[in-house]
Amino acid sequence: MFNSQVVSGLEKHETPFYYYDIAGLTANVRACEEASSKYNFHVHFAMKANFNRRVLDVIQTAGFGADCVSGGEVKKALESGFSGKSIVFAGVGKSDAEINLALDNDIFCFNVESVQELEIINELAEKKGKRASVAIRINPNVDAHTHHYITTGLDENKFGINSWDLPKVIDTLKASKNLEFVGIHFHVGSQITDMNVFKSLCVKVNEMQQWFEERGVAIKVLNVGGGLGVDYHHPDQNVVVDFESYFKIFNDFLDVKPHQEVHFELGRALVAQSASLITRVLYLKHGIKKNFAIVDAGMTELMRPALYQAYHKIENISDLAFSKELKSYDVVGPICESSDCFAKEIELPELSRGDLLAIRTAGAYGEVMASAYNLRPSIRSVYSDEI
Ligand SMILES: *Cc1c(COP(=O)(O)O)cnc(C)c1O
């Protein structure tokens, strides 16, 4: 991703900023489109991973739909040119105003996370004289084997409806004239790299659809969510994600009937490798055992390390040739929090004030989580085809 020409282009920009590799993003999105269309699978892009205008443009050319988790995202999806009919809307706490916005725009489907939410959507749809398409988000009790903050599919979790509440769901659906039940939805977590998790998910989905059909409830849509992980350790070797293997698992293990559609909601896998956070070394401080590199980006620009102890590979792109001796550094930001740390004790070619660092694989849950804490200015973006 980085060569001396790119770095001299980046030198002209004020740091910190996100640097987007538009060609890499396009190749990855295209790979996903090709692998999914082989099986007629429908992909929705999880907008919460990244809603940068340029990123959404690339996603849209692939013809993907949008997966939204707030009214703000539904609005942004519509403004960005996604059709209402391509939008799925999940979230445990949809407000009345958010539900009304989605009803007004005839979205493809609400992914409903509680029995009470079903009743409220029915009520609000009735007031508008509409029928709302709903899928039930079921808690599959599948362990995603990932960080506990990004595991969502276990029983003791705020997301989804637990299996013991399903009889009540069926009663509610039967009593709700303004709901059209389209199917079942699952999302087990994020950054899943163990493909067995998706096999277990398929088994669960098969069990669940059988349960519904035994009770005379037909299922049209099987929405298996997202969660496919990326390689944070080797960003250059794995710019394009192995979508072929991922979709093949669902083709092999999911019991799909001829009238059914399979939907996916991918976020991270589509965009994570497309961006790096570029930051400049401000100061070097030498402790007794440690060297600190204090950089001009912080948790306000990229929160994942502070929030989930997430690993991001860091490179000294001012010394691409590794001409200097390797030294150990803690790379920390300027924010007044001890958790404002990008990496501990990593080896980098010796740093000097002014060196540029690339914090890799920052295209998902990076720019979108930026905050103004400490009154930081809003984060800028630079694109590979504009430098
Ligand atoms: C966040 C989210 C996704 C996307 O997750 P990734 O790990 O980024 O693929 C999909 N579906 C729902 C309901 C989500 O909340």
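Just so you know, these numbers come straight off a predicted model, no measurement behind them. The analysis underlying the following values was restricted to heavy atoms, covering all of them including side chains, and did not include hydrogens, waters or symmetry mates. First listed ligand is number 1; within each ligand, the first listed atom is number 1.
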Item checked: Qualifying ring-ring contact (aromatic ring centres under 6.0 Å, His included) pairs, either residue in residues 280-301, two or more places apart -> none
Check: Does any N/O atom on G227 come nearer than 3.5 Å to any N/O atom on ligand 1?
Finding: yes
Note to self: Show the atoms of ligand 1 that are less than 4.0 angstrom away from any heavy atom in S190.
What the structure shows: 6 (P), 7 (O), 8 (O)
Check: Within 45° of the six-membered ring axis of Y383 and under 6.0 Å from that ring's centre, is NZ or CZ of R54 located there?
Finding: yes
Check: Going through the checks in order, is the side chain to side chain contact (heavy atoms under 4.5 Å, CB included) test met by F250 and C202?
Finding: CA-CA 7 Å; F250 291 91; C202 289; 3.5 Å; yes
Notebook entry, point to check: Going by the atom numbers of ligand 1, which of them fall below 4.0 Å from some non-hydrogen atom of Y365?
Noted result: 1 (C), 4 (C), 5 (O), 6 (P), 8 (O)
Next item on the list: Distance to 0.1 Å, residue and atom name: give those for the protein heavy atom nearest to atom 4 (C) of ligand 1.
Entry: A46 CB, 3.4 Å
Next item on the list: List the closest protein heavy-atom neighbour of atom 14 (C) of ligand 1: residue, atom name, distance to the nearest 0.1 Å.
Entry: K48 NZ, 2.8 Å
Check: Going by the atom numbers of ligand 1, which of them fall below 4.0 Å from some non-hydrogen atom of R137?
Finding: 13 (C)
Check: R268 heavy atoms, cut-off 4.0 Å: which ligand 1 atoms fall inside?
Finding: 6 (P), 8 (O), 9 (O)
Notebook entry, point to check: Nearest protein heavy-atom contact for atom 11 (N) of ligand 1: which residue, which atom, what distance?
Noted result: E265 OE1, 2.6 Å
Notebook entry, point to check: Distance-only, no hydrogens or angles: does the N141 side chain make a donor-acceptor pair with backbone N or O of N162 under 3.5 Å?
Noted result: no
Next item on the list: List in chain and number order the residues that pass salt bridge (charged side-chain N to carboxylate O under 4.0 Å, His left out) with K128, two or more places apart in sequence or in another chain; answer none if no residue qualifies.
Entry: D104
Notebook entry, point to check: At their closest point, which heavy atom of K85 faces which heavy atom of F108, and how far apart are they?
Noted result: O-CB, 3.1 Å
Check: Considering only heavy atoms, does D67 approach ligand 1 within less than 4.0 Å through its side chain, its backbone, both, or neither?
Finding: side chain
Notebook entry, point to check: Is there a nitrogen or oxygen of G267 sitting under 3.5 Å from a nitrogen or oxygen of ligand 1?
Noted result: yes
Checklist line | Heavy-atom pair with the smallest gap, counting every atom of A49 and V368 | finding: O-CG2, 3.5 Å
